[in-house]
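All remarks here apply to the structure that follows.
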Amino acid sequence: QAERYLDAGFAGVKLHDTTGFRYTDPAYAPALAMADERRMPVLLHTWARAEQFEEVRRLATAYPRANFILAHSGVAGSIDAYGRLAREHANVHLDLCMSLTPCGHVERLVEAAGVDKVLWGSDALFLNMAHQLGKVLAARIGDDDKRRLLSANARRILGRET
């Protein structure tokens, strides 16, 4: 079934641990191995829990060619922890999507992780995309950095650089 979706244009894998399976559960191993083999992105929903950070460390090491994107990065005042994790592993990236984003969040996350490790995310259809876009456009970072967050970083991870 995965092959059928890839043939239809799917470019990555999205996993939730709210299913009752931790991200390191063997049930996810075939999807993670496929992502590693194909150098695909893997979106993981994260909520700043220490056990999730440890799981991501294990996955990033076990699947070094997959690109892990941590959704909702920096929730609950955890920007430094997310930043450390992204800097520790070349294949860990941070997603900006949050329903309530404190002022300065984008700037602090970019500072903690580095501009090349942060990606715009929408969480469409759950969140208003204008809000998700506006927080990047209004951030106190340079226009080149905004372009990286909004497009260039994702294009690089997807292998679609222009």
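Start at 1 with the first residue, then count along the sequence. When reading the values below, keep in mind they use all heavy atoms of this one structure, side chains included, and skip hydrogens, waters and symmetry mates.
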Practice task
Determine, using the 4.5 Å side-chain heavy-atom cutoff (strictly less than), whether Val42 and Leu6 are members of one ILVMFWY cluster.
Solution key: yes
Exercise for the section: State, to 0.1 Å, how close Arg108 and Cys103 come at their nearest heavy-atom pair, and which atoms those are. Expected result: NH1-O, 3.2 Å
Problem - OG1 on Thr46 to CD on Glu51, rounded to 0.5 Å - result: 11.5 Å
Exercise for the section: Verify the neighbour count for atom CD of Glu55: are there more than 12 heavy atoms of other residues, nucleotides or ligands below 6.0 Å? Expected result: yes
Fill in the blank from the handout: Value for CG (Leu149) from CG (Leu119), rounded to nearest 0.5 Å, stands at 8.0 Å
Practice task
For the pair Lys146 and Ile141, evaluate side chain to side chain contact (heavy atoms under 4.5 Å, CB included) and give the outcome as yes or no after the intermediate values.
Solution key: CA-CA 7 Å; Lys146 290 176 185 179; Ile141 59 176; 3.7 Å; yes
Exercise for the section: Check whether any side-chain heavy atom of Glu107 sits under 4.5 Å from a side-chain heavy atom of Val110, and report yes or no. Expected result: no
Practice task
Apply side chain to side chain contact (heavy atoms under 4.5 Å, CB included) to Asp123 and His72, showing your working.
Solution key: CA-CA 9 Å; Asp123 214 1; His72 318 297; 3.3 Å; yes
Practice task
For atom CZ of Arg58, decide whether the heavy atoms of other residues, nucleotides or ligands shown that lie under 6.0 angstrom number more than 12.
Solution key: no
Exercise for the section: Would you kindly confirm whether Ile157 and Leu44 end up in one hydrophobic cluster when ILVMFWY residues are joined by side chain heavy atoms under 4.5 Å apart? Expected result: no
Handout entry: Nearest heavy atoms of Phe53 and Ala81, plus distance in Å
Key = CE1-CB, 3.6 Å
Practice task
Keeping the roles fixed (side chain from Asp95, backbone from Leu70), state whether a donor-acceptor pair exists under 3.5 Å.
Solution key: no
Problem - Thr61 side chain vs Arg57 backbone, donor-acceptor pair below 3.5 Å - result: yes
Exercise for the section: Starting at CZ of Phe68, measure out to CG of Leu59 and round the result to the nearest 0.5 Å. Expected result: 5.0 Å
Problem - By side chain to side chain contact (heavy atoms under 4.5 Å, CB included) - contacts of Ser122 (at least two apart) - result: Trp120, Ala124, Met129
Exercise for the section: Using modelled atom types only, decide if a donor and an acceptor are shared between the side chain of Lys117 and the backbone of Ala86 within a distance under 3.5 Å. Expected result: yes
Problem - Euclidean distance, Leu158 CG relative to Arg39 CZ, rounded to 0.5 Å - result: 14.5 Å
Handout entry: Backbone of Asp17 reached by a side-chain donor or acceptor of Gln52 within 3.5 Å
Key = no
Problem - Residue pair His93 / Asn67, side-chain donor-acceptor N/O under 3.5 Å - result: yes
Practice task
Nearest 0.5 Å please: distance from the CE atom of Met34 over to the CG atom of Asp36.
Solution key: 11.0 Å
Handout entry: Glu111/Arg140 salt bridge by N-O under 4.0 Å criterion
Key = no
Practice task
Name all residues meeting the salt bridge (charged side-chain N to carboxylate O under 4.0 Å, His left out) criterion together with Glu37; count only those two or more places apart in sequence or in a different chain, and write none if there are none.
Solution key: none
Exercise for the section: Establish whether Phe21 and Val56 are linked, either directly or via other cluster members, by ILVMFWY side-chain heavy-atom contacts under 4.5 Å. Expected result: yes
Exercise for the section: Would you check if Leu43 and Val13 make a side-chain contact, meaning some heavy-atom pair closer than 4.5 Å? Expected result: no
Fill in the blank from the handout: Rounded to the nearest 0.5 angstrom, the CD1-CG distance for Ile69 and Leu94 is 10.0 Å
Handout entry: Donor-acceptor contact present, side-chain Tyr28 to main-chain Arg22, <3.5 Å
Key = no
Exercise for the section: Can you see which heavy atom on Ser78 is nearest to which on Ala48, and at what distance? Expected result: OG-CB, 3.3 Å
Handout entry: Check against side chain to side chain contact (heavy atoms under 4.5 Å, CB included), Leu85 and Glu88
Key = CA-CA 5 Å; Leu85 187 55; Glu88 286 172 11; 4.0 Å; yes
Handout entry: Under 3.5 Å: donor-acceptor pair, side chain of Gln132, backbone of Leu127
Key = no
Exercise for the section: Check the pair Arg156, Asn153 against side chain to side chain contact (heavy atoms under 4.5 Å, CB included), reporting the backbone distance first and the verdict last. Expected result: CA-CA 5 Å; Arg156 184 185 71 249; Asn153 292 345; 3.1 Å; yes
Handout entry: Close side-chain approach of Arg147 to Asp144, heavy-atom, < 4.5 Å
Key = yes
Handout entry: Backbone N/O of His45 and side chain of Tyr23: donor-acceptor pair under 3.5 Å
Key = yes
Handout entry: Arg148/Asp145 salt bridge by N-O under 4.0 Å criterion
Key = yes
